[in-house]
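One structure is given below, encoded as structure tokens.
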Amino acid sequence: MHRRQFLTAAALSALAAACSSDPAVDPASPGPEIDFGTPLRVPPLLNPKSGKDGVRRFELSMQAGRTQILAGKRTPTWGFNGAFLGPTLRASRGDKVKMAVRNGLSELSTVHWHGMRLPARMDGGPHQPIEPGAVWMPHWTIDQPAATSWYHPHPHGATAEHVYRGLAGMFILDDDLDLDLPADYGIDDIPLILQDKKFAPDGSFDGDPLKGTFGILGDHILVNGTYNPHLRVTTERVRFRVLNGSNARMYNLAFADKRSFHVIANDGGLLGAPVEVETLSLTPGERVEIIVAFAPGEQVILRTADNGVDIGEGDFDLLKLIAAKQLKPAPAVPARLASPAAITAPAGAKVRRFKLSGHDAINGKAMDMTRIDEVVPAGAVEIWEIENNVYSHNFHIHEVAFQVLEMDGSAPPPYATGHKDTVYVPSKSVVRLAVQFGRYTDPVSPYMYHCHILRHEDSGMMGQFVIVEPGTENQVSLSIPAHIGGH
Ligand code: C2O
Ligand code: CU
Ligand code: CU
């Protein structure tokens, strides 16, 4: 007994000594739990070579497991090719890709490629269910600019739960651009998947993603599934690809020392030029790429600040960045990036209006898998106007690229002026979008548009549109079977 106590005391003082010499632990950091003691997990890269037929094959397997997120606890989690979250997929413009998605769960799911321009049958929405034990094999050609997109389940009524349990991953698209940007994955090009959780005392995820106004607004923020994370920075500049993979929470990102940084891309790809900011906000489903400069030996904390908005409440530290004493040189932030063509609606463009009210309907109608809500001619540019009379929502459209024309009468912040697929729709506001639709036609397979607060999406704040050959709009049947299938 005496000996055990002695060992414990010795172990504790050894630990204390180790901690005081470890720069990852800053005794002045706020909150008793936030010690940044855990190295940031970086999802493995899945970047297969193409086969003899020129096709790059990706294999994903949805599975259940357990993950240590909090010290000493094993949380039941779901993941792709592992117990929690999924690998980062990477492909380039022009690549032919083929996915083999196996459902190793005990219930039906789907996998949606959020941000991808592809045929509706490959989209992985609620009409492409994968039964337990089944394999779904969508394929398409990557035909869009470099971007940070992502993938997650989209089963009708159960997206919130599947994502909350851990099914989500990043999908990086490259392009042949003559730009000197940090691009060494895991070194100076780092994914940051932000997700908030609630934990029960036994370590399991707590809270009901389908209860309350917003479902989950957690008090523990994970970055790439890591709680209390730190990252050792080795280069003068780092590109972070930030994905809000949360069920409902909005982040208002800033560094503790209020340093400025550059936004280089949002959902749909690179901006025309970098935009210098000190803070930016990101609602669920949105992505942003930023470049942050570091001085040798410094430490700085990435935070989210309470902005008084219902889904953006609370101040949280997210990640401590610890710069090495010597940093490898990095290219300067380029003055010009890409030139994404402006999405402009022609004179007399079709205007469609969507009214979000409550949390479960658009234009007074709850999502119905058998009802087509909108029929859009291929290649059209239209004005979509989203009106929100209540608390915060956002709006995501599958397959498209859009530009935000107006947010409640004003221009969007400059960092949100590029091509996007998801947009914040503040409480009591109207957001106007110029939406560019693709050219894959299919009169019976719909794409989705919805609020990306998953509690709302699952409760019916979602609608369906098809893209058809121009001139055939009136021949489309507005009633379809519940499952269209995939391929
Ligand atoms: Cu990110 Cu319809 O989803
Ligand atoms: Cu999507
Ligand atoms: Cu909503």
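Whatever order the structure lists ligands and atoms in, that order sets their numbers, starting from 1. What's counted below: heavy atoms across the whole structure, side chains too, no hydrogens, waters or symmetry copies.
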Are Lys420 and Phe402 in a cation-pi setup, meaning NZ or CZ lies under 6.0 angstrom from the ring centre and within 45 degrees of the ring axis?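 No, a cation-pi geometry is absent between Lys420 and Phe402.
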Let me see the working for His154 and His127 under side chain to side chain donor-acceptor pair (under 3.5 Å), right down to the final yes or no. CA-CA 9 Å; His154 215 302; His127 291 279; over 6 Å; no
Please list, in chain and residue-number order, the protein N/O/S atoms closer than 2.8 Å to atom 1 (Cu) of ligand 1.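 Those protein N, O or S atoms (cut-off: under 2.8 Å from atom 1 (Cu) of ligand 1) are His114 ND1, His152 NE2, His452 NE2.
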Parallel, tilted or perpendicular: which fits the ring planes of Trp113 and Tyr151, with parallel below 30° and perpendicular above 60°?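 Taking Tyr151 first and then Trp113, their aromatic rings sit tilted (interplane angle of 30° to 60°).
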Look at the aromatic rings of His396 and His112 and report parallel, tilted or perpendicular, splitting at 30° and 60°.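 Rings of His396 and His112: tilted, as their planes differ by 30° to 60°.
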How far apart are the C-alpha atoms of His456 and His393, what are their side-chain angles, what is the distance that settles it, and do they pass the side chain to side chain donor-acceptor pair (under 3.5 Å) test? CA-CA 8 Å; His456 301 171; His393 290 296; 3.0 Å; yes
Give a rough value, rounded to 10 degrees, for the angle at the Cu ion (ligand 3) between atoms ND1 of His456 and ND1 of His393.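 Taking the Cu ion (ligand 3) as the apex, the two atoms subtend 100°.
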Before accepting this row, confirm whether a basic side-chain N of the pair [X]/[Y] lies closer than 4.0 Å to the acidic partner's carboxylate O.
X: Asp188; Y: Arg239; result: no
X: Asp373; Y: Arg371; result: yes
X: Arg352; Y: Glu385; result: no
X: Arg90; Y: Asp174; result: yes
X: Asp189; Y: Arg241; result: yes

Please give me the protein atoms (N, O or S only) lying under 2.8 Å from the Cu ion (ligand 2), ordered by chain and number.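 You should have found His112 NE2, His396 NE2.
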